[in-house]
Student: 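Below are the structure tokens for one structure; questions will follow.
Ligands are counted one by one from 1 in listed order, and the atoms in each one are counted from 1 as well.
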Amino acid sequence: MELKELQEICEKCQKCPLCKTKTNTVFGVGAQNADIMFIGEAPGENEDLTGIPFVGKAGQLFDKYLEYLGISRENVYIANILKCRPPKNRDPQSDEQDACIPYLREQVRLIDPKLIVCLGRISALRIIKPDYKITSEHGTFVQKGKYVMTAVYHPSALLRDPKKKDDMLTDMEKIKEYAVKHGLKI
Ligand code: URA
């Protein structure tokens with residue numbers, strides 16, 4: 001299967017009720033052969049309207065970190081656990097995650113990144129481990145199966161609590177260092 005085919009399957013998906021309230025499926029953007037894959041939680045309003053992940057306020061803040069570090073959105077891949085927006089931006093429910101996660105797994109398999117970066121607690125809980133503690137474990141790198149993974153604060157958390165921005169910068173700098181050291185495309 002190719003990414004485009006997977007995207008078409010996601011666009012037709014009816015495995016959970018979010019397909020009834022969404023405007024667009026937010027499949028993911030970036031390079032099909034990206035070395036770094038960022039994974040967020042779920043689309044918000046602006047993502048739902050455009051079909052592109054991380055384009056709202058949180059996404060614009062995230063872009064500033066990428067730009068500051070010289071990481072291009074076109075060279076990495078950005079996706080979410082859920083492909084459809086939960087109403088009123090509530091947290092993704094576990095049944096919605098269960099329905100949608102096979103698409104993300106296939107997306108990861110097709111892209112085959114060398115580093116997975118979870119954006120926020122919900123993504124880290126689902127992808128790294130079910131007892132992940134974002135406040136104490138953010139910015140640490142772990143090997144899980146064939147993938148190296150890390151997590152940073154969700155950009156929305158930085159908007160709510162700007163004190164977290166220093167930690168975010170340190171973590172993103174570590175990601176850049178890791179990429180440079182291992183020759184990852186940025
Ligand atoms: N928050 C997310 O987790 N993902 C998006 O795409 C936008 C906001």
Student: Report, in ascending order of atom number, the atoms of ligand 1 lying under 4.0 Å from any heavy atom of P53.
Tutor: 6 (O)

Student: Do the non-hydrogen side-chain atoms of I52 and N24 ever get within less than 4.5 Å of each other?
Tutor: no

Student: For atom 1 (N) of ligand 1, what's the nearest protein heavy atom and its distance?
Tutor: H154 NE2, 3.2 Å

Student: Just to verify, which of V117, V180, L184, L66 counts as forming a side-chain contact (heavy atoms from CB on, under 4.5 Å) with I175?
Tutor: V117

Student: May I ask you to test the L3-Q107 pair for a side-chain heavy-atom distance under 4.5 Å?
Tutor: yes

Student: Give me the nearest non-hydrogen protein atom to atom 4 (N) of ligand 1 as residue plus atom name, then the distance to 0.1 Å.
Tutor: N80 OD1, 2.8 Å

Student: Would you say L49 and V55 are hydrophobically clustered, going by side-chain heavy atoms of ILVMFWY under 4.5 Å?
Tutor: no

Student: Give a yes/no on ligand 1: does A42 have at least one heavy atom closer than 4.0 angstrom to it?
Tutor: yes

Student: Do you know which of L119, V26, V29 makes side-chain contact (heavy atoms from CB on, under 4.5 Å) with F54?
Tutor: L119

Student: Between ligand 1 and S156, is the shortest N or O to N or O distance under 3.5 Å?
Tutor: no

Student: Heavy-atom distance under 4.5 Å between the side chains of M172 and F62, does that happen here?
Tutor: yes

Student: Pull out every atom of ligand 1 sitting under 4.0 Å from any heavy atom of E41, numbered as shown with elements.
Tutor: 2 (C), 3 (O)

Student: Could you list the atoms of ligand 1 found under 4.0 angstrom from a heavy atom of G40?
Tutor: 3 (O)

Student: Please determine whether any non-hydrogen atom of L119 lies less than 4.0 Å from an atom of ligand 1.
Tutor: no

